[in-house]
Structure formats: C-alpha cells, structure tokens
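These numbers come from the heavy atoms of this one structure, side chains and all, not from hydrogens, waters or symmetry mates.
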Amino acid sequence: MKQFQFNYESEEKLISMLKRIRQWCNSSVVSNVLFQIFTETLNRNMIQSICGMIEKEMPDAMYMGSSSNGNILMGNKSKQPISIVCTVYEYPSTKLMLLQYQLDEDRARSVAEDLNKNVCENPWVKSVMTFTTMRGMSMTAYCEYLRMLPKDVVFCGGGAFSVDINDNAAIVFSSKGEISDHAAVFLLTGGEDYHVQALHVTGWKPLGRHLSVTKARGPILYELDGKPAYETYNKYLNIKNDENFFFNTLEFPFLYELNGLDILRAPIASREDGALVMTADITENIYARIAYGDPWTILDSVYHAAVHFRDFLPEAFTVFSCAGRRTFWGDDEIGNETQPFQSLAPTSGFYTSGEFLRNGDYVNQHNVTLVVEAQREGDTAGKTAAHVDVNNEQFSGKVSMINRLATFIQAATEELEEANGRLELLAISDGLTGLYNRSEIQNRITECAHAGEYRSAHGKNLMGVSLIMMYIDDFKGVNDNYGHKEGDNVLIGLADMLRKVVEEHVPDGSVGRWGGEEFMVLLPETKLEEATQIAELFRVNFNAINFKQAGHRTMSLGVTEMIAGEDADLTCMRVDDALYEAKRNGKNRVVVMQP
C-alpha cells in the first residue's frame, strides 16, 4: 500500500501530481487506486474540475469526497482548503467498491438495506467507510438500520461539514454519483490480504454528579433534573447564553452511556427557553454527566490508542475528528492528537459534524470524538513496530477551562453538601410525619441527661427539663374501621399540631415519634408545671381536629421532669408510667408523675 498526500494549489500542479502518480503506478504492481478529496470550499465548479482532471489523467481510479470543517494531511491540520489523498493498493487480492445513495430520513432504511445487500453479496468485504451528509437529519434510526450489517465488518466514517460551524450546508460526492447535499458515499474494502482495525478516542472525563435527562426530543435537550438544561451550564460553569456559548461549552460536553459505550454530546446553541440544541439526538430518561476536556488527559488517551495500533503495523490511517475538537485545541495545537498516528503511518482525514463507528452490536454516532481506522495489506512478518511519538508539552490557552472547572467543583460541592444534609435529616426523621424518629429523640434525651450530671455535682436536683409522652386512644380502631390511609392522616395531623405548639411555646423543644401511635416531646428550660399546661394544650388541640373519616379523636398523656444526674432510661420509664396511668384511668387525660 502506497499513499500520496498533497494539497490542491492549482490545476497545473494537480495535473503534474496526477502524472507522477500514474507514472509510479505504471512501474509497480497495482490493484486499485482511490482518491479521497476533503474540501472546505463548497464551490461545485472547482470540485467538478478536480474530479474531471482525475478522471482524465487516471480513468481507472475511483474517487470519493466530502466537504469538511478542515482537512488532515500527514497528521496535521492542512492550511489549504482542499486536500487530496491517493491510496494505491498493491495486492491483487485487495478489492474496492464504491456506492452512493441519496439520503434523508425517508430513505434511511432503504439505503441501509441496499448497503447490507451489497456487503452480503460480496463476502470479501472487511470494512465499510462512509462520508455522509447529516446536518438537519436525525441519525438515530439510520444508525439502528445499519446494525443489520455483518458484525465482523468494520464500519466507520464521518459527517460532511462546512468550514463555518453555523452553516448547515455540506456535500459529498464520488465517481459513482454527483455532488449532493443529501447523500451518503460508501467505500467497501477487503480481500484476503487486506487487514483493518478501527477504534474511537474521546479523552473527555466525567465530572460531578449524574443529571437526569427529564425532557428531550431528538437533538433538543429541554430539561435536566426537571429544570431548563441551560441552567446546568450557567450554574456550574458560569457560561452565559451569548454568542460565545458554543465555544465555551466545547470543553464541557455531556457524557452518557449508550449501547454500552460512553458517548459525548455537545450543545451547539442555547435557546431563549433554556433548551439546548445538541450536535445529535440525546435520549430521554437517561443519566448524563458533564465531562471536561483536559489536554493531558486527551493526549494520554490518544497515546494508548496509537499503542493499540502499533503491533498491527498499519500502512495508513484515516481519521474522522469532530470539528469541536479542532475548536477546543485551536489550529496550532490540534495536530498534537493526530501526530501520534502519523508517527506510525501516513495519517489523513477531515474534521466532521459527527463520527460513526460500529462497536459490537451497534453502530453509534459520536460527537467530540476521534474515530480512527488503520489499514494494511499483507502480513507483518519481518516488519518492526515504530515508536509512538506524543507531544505532551505545556499547552497555552487553557486557563479559561481551569477557571470554569474550579467554578464547577465549587458549585457541585455545595450541592453535594446540601444533598448530604438532606440525607442526614432523613436518617434522623420519621418517614411518615417528618418528626424526629425514636433513635434521634432518644439521643437528645440522653444528651440532656449527660448535661444534668454537671448540675447534680453542684447539688441541684431538678433540671427544668420536662418530657411529655402521649398515645392516641383506640388508634387500632381507626385503622380497622377506616383503613391505614386514614390512620396515617390522624398521625400526620397530630404531628403537625405538636410541631406548631412546640414552636410557639418552646422553640428549642424536640418532637419525635416514639413508635406506632406513641409520641415523645422534649422540652428544655421547661419546669413540670409549665410542661403540664402544654400537655393539656396538646390534648385539647388534638381533640379539636375533625378528621375526614375518623372524626374527633382523643389521646392520653404522661408528664415528668428530669432529675439532675439521673439516667435517661429512668426518666423515660417514669414518663411511660405516667402515660400508662392515664390510659388505665379512662384515657383522654394528662397524668403527671412527680420526679
């Protein structure tokens, strides 16, 4: 396999280059010649002229092309708007086939079916590469249809784009079809001596908590966690909804699992209603996380990808890199993530509007991703693997990312602390009434008892801390006669009343559900006489509540005061004895147990 990579500069220079390639082919063993044309310009006359020159000088050659957001030549971003890669296949067993179809959502299934038919009818096929227009078209169903392709056939490719990322115009073309803004070109390659591998690289890592995609339709992400999706970027990253939104969010796309893979989706715009326009469809009712792009992390991922290919001994790489990655790095540094592949073999490709790769059972559309295909003719006997070179020097222009990352961490930490606070409250609360559970109210009584040990050492007897324990009379009858839902209403009604009275009379008091229909109230700085009055207020106020089915209910109450130095369990036993006396003596009453 031999490659010639060059930029289009003029008709004269192109013709001269084509003659050189033809001369080389005439002196060598050649089975197929393929030209790939990557163009930032959408000038159809110029593209047709280039194709015409190829047809004239090398009539047996095939060609395929795509508009792009930039071209990759010899592992670097080309400085010219049109780049051409000529691959010469040398093994007689290597076969190529080009197909081109008109493509839109209505034709997606038929395109996939006919492609699959051609692949199945030609068992020599080992890879399918596609250049396709996709802007303004949902690719979800299309990718699903492409699943019918044989699993052992590598499928990869890229979406045609424009040099202006805000322009939906894009074209593809080939020697099998015309220049079209709604089409897909497929290159089928294979044969006994042809070998191919492909993988994808992201390098973006998840950051912060999971966010629920609560509302999404196609590429429009309306809500995260029930709130306008834009608020996530504004709150966590301080990114404004202005003309710089796309560039500022490129460092922080969404990452979520799709078909067993981590998939990136980048927002390209924020609407006035707070919805985000994504680079591709995003699924509703899944969890996503914001990811961050860090140059060192990305290069580490690229390095491991290149090492993966090293022993394969590739003879050429084709890369499909998201235009978002180009914007992230900038033209001066974008070559850092493609040069490692160039150190192994000639590397070319283009910056896309989306990347395609088959992984296992699924064909996935990627964003902010680098899809790499490596190909080789012949075996590896007698060949030595090259060294992978990575430029991991310091990078400029990343201060803004670090600042936003710090903002994100701060906001996420505050939110995590709030969440932990809610969890702590749940751990000490009764699930039905929202009052303290038995464990918590018991802990608070014990803390008061420990404080009383100091008073006891100074000869003080009573602490001025009281307990009120109460029991809803005949509560079992409420559940039996009216159902547990009404029983819950009675418990909640009592809890709300207790909370209100304590907040009004003893703001530092604690109210807890002791268990079932029993409740406990701890009243600091409250002597027995005042506690008895509050208990009577509880009894009267509860009896005044008219429940929808259970009507007016009564309760029995016991009251006591804590003794300095006394064990908390003894105090609880005493107030329990007082409550027992109230129930035994006719219920619906308050009984005081002197300390």
Side-chain angles (χ1 to χ4, degrees), residues 1-4 21 25 29-38 51 54-55 58-66 84-103 107-133 142-143 145-160 171-180 182-198 314-318 320 348-350 356-358 363 371 373-378:
M1 183 181 296
K2 171 73 172 178
Q3 267 201 353
F4 301 87
I21 295 172
C25 290
V29 177
V30 174
S31 60
N32 295 277
V33 178
L34 173 71
F35 286 88
Q36 292 174 313
I37 304 164
F38 310 118
C51 294
I54 292 174
E55 291 172 350
M58 301 191 68
D60 294 331
M62 302 178 184
Y63 62 82
M64 60 188 296
S66 173
I84 301 173
V85 177
C86 175
T87 305
V88 180
Y89 297 88
E90 300 175 281
Y91 277 66
S93 62
T94 302
K95 298 180 181 180
L96 273 64
M97 177 187 293
L98 269 177
L99 301 171
Q100 181 169 333
Y101 303 92
Q102 286 296 105
L103 179 66
R107 295 184 176 97
R109 178 186 288 274
S110 63
V111 168
E113 289 175 344
D114 197 72
L115 173 63
N116 182 61
K117 178 183 176 182
N118 277 279
V119 171
C120 293
E121 289 177 349
N122 296 280
W124 51 264
V125 175
K126 291 184 177 178
S127 80
V128 176
M129 179 183 292
T130 184
F131 298 170
T132 179
T133 58
Y142 180 57
C143 288
Y145 300 145
L146 290 171
R147 285 183 60 189
M148 67 180 71
L149 291 169
K151 294 182 181 180
D152 59 344
V153 172
V154 171
F155 183 91
C156 66
I171 56 173
V172 297
F173 52 93
S174 74
S175 50
K176 292 294 182 178
E178 299 178 348
I179 299 172
S180 175
H182 286 85
V185 176
F186 298 97
L187 171 66
L188 284 57
T189 311
E192 181 182 348
D193 299 300
Y194 177 80
H195 305 276
V196 63
Q197 291 184 359
E315 293 181 312
F317 286 106
T318 304
F320 304 95
S348 60
F350 69 100
F356 299 94
L357 181 65
R358 179 166 199 146
V363 172
V371 167
E373 184 192 72
Q375 56 179 334
R376 182 191 80 238
E377 287 184 295

Could you walk me through whether Tyr194 and Gln375 satisfy the side-chain hydrogen bond (donor to acceptor under 3.5 Å, both in side chains) test, starting with their C-alpha distance in whole Å, then the side-chain angles of each, then the deciding distance to 0.1 Å, before giving a yes or no? CA-CA 7 Å; Tyr194 177 80; Gln375 56 179 334; 3.0 Å; yes
Over 60° means perpendicular and under 30° means parallel, so tell me whether Tyr63 and Phe173 are parallel, tilted or perpendicular. tilted
Take the angle between the ring planes of Phe131 and Phe320 and call it parallel below 30°, perpendicular above 60°, tilted in between. perpendicular
Start with the C-alpha gap between Lys176 and Phe186, add the side-chain angles, then the distance that decides, and say whether side-chain contact (heavy atoms from CB on, under 4.5 Å) holds. CA-CA 10 Å; Lys176 292 294 182 178; Phe186 298 97; over 6 Å; no
Please check if the side chain of Glu377 supplies one atom and the backbone of Glu90 the other of a donor-acceptor pair under 3.5 Å. yes
Kindly give the heavy-atom pair with the smallest separation between Val363 and Cys143, and that separation in Å. O-CB, 3.3 Å
What is the distance from atom CD of Glu373 to atom CG of Leu187, rounded to the nearest 0.5 Å? 8.0 Å
Are any side-chain N or O atoms of Lys126 and backbone N or O atoms of Gly191, one a donor and one an acceptor, separated by less than 3.5 Å? yes
Any donor and acceptor pair, going by atom type alone, linking the side chain of Arg107 with main-chain N or O of Tyr101 inside 3.5 Å? no
Quick one: do Thr132 and Phe356 satisfy side-chain contact (heavy atoms from CB on, under 4.5 Å)? Show the steps, please. CA-CA 10 Å; Thr132 179; Phe356 299 94; 3.6 Å; yes
Can you give me the closest heavy-atom contact between Val125 and Val153, atom names plus distance? O-CG2, 3.7 Å
Can Gln102 and Ser180 be counted as having a side-chain donor-acceptor contact under 3.5 angstrom? yes
Determine whether a donor-acceptor pair (N or O, by modelled atom type, separation under 3.5 Å) exists between the side chain of Gln100 and the backbone of Ala183. no
How close do Asn116 and Met148 get, heavy atom to heavy atom, and via which atoms? OD1-O, 3.0 Å
Looking at Tyr91, is its backbone amide N or carbonyl O close enough to the side chain of Ser31 to form a donor-acceptor pair, meaning the two atoms are under 3.5 Å apart? yes
Between Phe350 and Gly159, what is the shortest heavy-atom contact and its length? CE1-O, 3.6 Å
One pair to check against side-chain contact (heavy atoms from CB on, under 4.5 Å): Cys86 and Ile54. What are the steps and the verdict? CA-CA 11 Å; Cys86 175; Ile54 292 174; over 6 Å; no
Under 3.5 Å: donor-acceptor pair, side chain of Arg147, backbone of Arg358: no
Test your reading of the model: is there a side-chain donor-acceptor pair from Thr130 to the backbone of Val185, 3.5 Å cut-off? yes
Please report the shortest heavy-atom distance between Phe38 and Gln36, naming the atom on each side. CZ-CB, 3.8 Å
Distance check, rounded to the nearest 0.5 Å: Asn32 atom CG versus Thr87 atom OG1? 11.0 Å
